Protein chains: 2
Amino acid sequence: MSVYAEDGWRGGVRRMTARPANAHQARLLHLLRDQGPNSRAQLGDQVDLSRSKLAVEVDRLLETGLVVADGLAASRGGRRSHNIRLAPTLRFLGVDIGATSVDVAVTNAELEVLGHLTQPMDVREGPVAVFEQVLALAAKLKDSGLAEGFDGAGIGVPGPVRFPEGVPVAPPIMPGWDGFPVREALSQELGCPVMVDNDVNLMALGEQHAGVARTSQDFLCVKIGTGIGCGIVVGGAVYRGTTGSAGDIGHIQVEPDGRRCACGNAGCLEAYFGGAALARDAEDAAREGRSTALADRLAAAGTLAASDVSVAASAGDATALELIKAGGTRTGQVIAGLVSFFNPGLVVIGGGVTGLGHTLLAAIRTQVYHQSLPLATGNLPIVLGELGPLAGVTGAARLISDHLFSPA
Amino acid sequence: MSVYAEDGWRGGVRRMTARPANAHQARLLHLLRDQGPNSRAQLGDQVDLSRSKLAVEVDRLLETGLVVADGLAASRGGRRSHNIRLAPTLRFLGVDIGATSVDVAVTNAELEVLGHLTQPMDVREGPVAVFEQVLALAAKLKDSGLAEGFDGAGIGVPGPVRFPEGVPVAPPIMPGWDGFPVREALSQELGCPVMVDNDVNLMALGEQHAGVARTSQDFLCVKIGTGIGCGIVVGGAVYRGTTGSAGDIGHIQVEPDGRRCACGNAGCLEAYFGGAALARDAEDAAREGRSTALADRLAAAGTLAASDVSVAASAGDATALELIKAGGTRTGQVIAGLVSFFNPGLVVIGGGVTGLGHTLLAAIRTQVYHQSLPLATGNLPIVLGELGPLAGVTGAARLISDHLFSPA
DNA sequence: ACTCTTTGTCCTGAGACAGGAGAAAGTCAC
DNA sequence: GTGACTTTCTCCTGTCTCAGGACAAAGAGT
């Protein structure tokens, strides 16, 4: 678990030494992050500060090295402006740990993904084994010349997190992680500040930063992967709940006295849909001879995954389509309830199962629009996420940048 | 519709002319409202301002007449302090319009209810008729010497509200109110600022101000009256949703293909519970001879109300108890889903049906604790509201005081 | 009578800040 | 090329905010 112990990364120099000294500077950093390079004049138009005060704060930021002035912009009919931008050497690491895979990416200060690696993995192997892989992937990205080191890292885990401490709590699908000091440990290894959150929340942050939710203040982000979760954004900020388990919708009941669920209850959404349930249903269908396409895949591989259903559906397999539609309807049932309750301005559907695409989306939409009240659905877009596998890592980078770009 | 047009109240002098000039003053007003009289020193301990700056702001507030200094407090071992308090002449009007009744109350600046009147009423009579009653009740309170006039009024209506404009939108149970300019109209009649909100949100505000939710930042307030709604408080503030319909949980589906509901769908919570459903179920039970107690009441009155079930249950009637338990279980089903999703720190149960008391509460608790995940329910109190019929009017007073005690 | 504590007032100096004046560096019309 | 105009950025000055020390007021305790 210490890929970096040897080459001296551990406990190495912290690269980003400065933090904004006040709210004005924090505001400026956020503007530069979200909009890219700006002139002083452009910044001034957005921050409600006098030119003099703005100049002072920009100068101070330049002194810290957090931002740089490089080159002059083209004239717009007068004196040319200086390009103020975030330090081009800043690098954030985004890590998205799923149930069955891990994504790692490097971004610059504007949170553009410069490099991205994915690897199959099983969270149940526990934090030590997973960390080794994460660090190896990070090292590979670093060695490919994308970063000389990291100024901060965000990491998402597939379960509830005690956010202030960055520690998973009672995660059902990753028992070995309970109480493991993720933040502390990763920070030690990387030698930089780290923030930890639920993977679903990070997907919401990612879509908010660079995806479909850019202009939304109140929205839901439903992630359908191995399990099903929901990121909640209220007033532009992620809402995490009292104990960090908000958005845990996989175990909402959709059928009284329905199928047994791994959680011990009956009729949970996850007993009917999600990667795990879908794979199981597909195997059943294959064995019962309801789908030759699925049966062929099963015979070839010995086991089926959600992606097999996706492939079969694309090929027009009726049973596969039916499975997706049924799952979408179940999911739509739950989302309809959430829409009535929360009255969001947008619902984003994402996660691994988005490969199921528009069949799934159509089933969800049908159910929600049919079941929720018109006032709540009247102007409610239900759309697929835009960022795919980059949503999580982008959100992770945004999480840590939000932290570092705030006054200490 | 103008009880006051004659006696010159309409367009009369606005009593509270001043508003806080800055955030510091607003903070001080809120402290004085929530804690009662304070000395300058006590205020200073809570506002992170220097003594000099504090003194300046207090002096300015004294000049405006919003606060007064009356008398000296007992010595605590040194010089005696001046009691700084909100102007004792300030009066707020709180109005809570329910489906079948209206509550009106007068409070002082500390939001203590000085007088309170209730009257049966049917919202479906429309805004004009209801306003007449509200104004008559307000006049009665005024004439009894509790107020010489009102500095502000809050009003709750049983349906979604476009909050910034104070206008009901598409309210299912009060069709005549759609788009009626409640804020504007009441403000004209009373000659003071008015804020309008959903009745459920006001109940949440009331319980937060003076009831069981005093220390909670994130909680749900489920109001079971004629219909069923839910107030959502996030980070201490009421969340109203994108179109003002957040918390509309009465039409969440609890039974796929279940009972038809007035909304056009099937299996809604309100088709199974709430004052209206309960009364109907009780009548059915009476007619079918399942309860002599209820049958007697029905014979006597010709119709049954939820309160009849309450009375029968108190007398030990098994069928009445069963009805309450079944309704509580249904409600618990929905709340369990909301708890998983929202992970609140507290759930408050209130509304007219709280007369059903602990039978109802027990059924809800059983269902929620059984059905939601342990992490979300582990430390989750589910309690009855403390304020009863005063929750709504207290919340209404708080709504307008929050508004008036903020910088203009 | 004396000391100590608490409360409240006054004063001064440091820093935050807005906005005017003007320098720098360009475009554009002629 | 020249002059008029625009845009960007810098510098300066006067105003306002504010913290904290000194001090006055008013009481308790000995």
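Basis for what follows: all heavy atoms, side chains included, without hydrogens, waters or symmetry-related copies. Everything numeric in this text was worked out from a predicted model, so none of it was measured. Chain identifiers are assigned alphabetically (A, B, ...) following the order of the sequence lines, protein sequences preceding nucleic acid strands; residue numbering begins at 1 within each chain.
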What nucleotide, of [options], holds the atom closest to the side chain of [X]?
X	options	result
A:Arg40	D:dC9, C:dG8, D:dC12	D:dC9
B:Ser81	D:dA19, D:dA28, C:dG8	C:dG8
A:Arg51	C:dA21, C:dG26, C:dA16	C:dA21
B:His24	D:dG20, C:dC17, D:dC18	D:dC18
B:Ser50	D:dT7, D:dA19, C:dG19	D:dA19
A:Arg79	D:dA26, D:dC11, C:dA23	C:dA23

Rounding to an integer number of Å, can you tell me how far [X] [atom1] sits from [N] [atom2]?
X	N	atom1	atom2	result
B:His82	D:dA25	NE2	P	13 Å
A:Leu54	C:dC17	CG	C1'	12 Å
A:Gln25	C:dC17	CD	P	11 Å
A:Leu49	C:dG19	CG	C1'	13 Å
B:Leu43	C:dT6	CG	P	18 Å
B:Arg80	D:dA28	CZ	C1'	13 Å

Q. Taking the side chain from A:Arg91 and the backbone from A:Leu146, do they hold a donor-acceptor pair closer than 3.5 Å?
A.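 Yes, because the side chain of A:Arg91 sits within donor-acceptor range (under 3.5 Å) of the backbone of A:Leu146.
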Q) When we call it a touch if two heavy atoms are under 4.0 Å apart, what does B:Ser75 touch: a base, just sugar-phosphate, or nothing? A)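 Sugar-phosphate contact only - B:Ser75 comes under 4.0 Å of backbone atoms but never of a base.
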Basic-acidic side-chain contact under 4.0 Å: [X], [Y]:
X	Y	value
A:Arg27	A:Glu57	no
B:Arg33	B:Asp402	yes
B:Arg398	B:Asp34	no

Q.
Taking donor-acceptor contacts at under 3.5 Å, does the side chain of B:Ser39 reach the base of C:dG8?
A.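 There is none.
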Q) Between A:Gln46 and A:Gln35, do the side chains contain an N or O donor and an N or O acceptor separated by less than 3.5 Å? A)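 On atom types as modelled, these side chains qualify, holding a pair under 3.5 Å.
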Q: Between B:Lys53 and B:Leu72, name the one whose nearest nucleotide on DNA chain D is closer to the 5' end.
A: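 The residue closer to the strand's 5' end, by nearest nucleotide, is B:Lys53.
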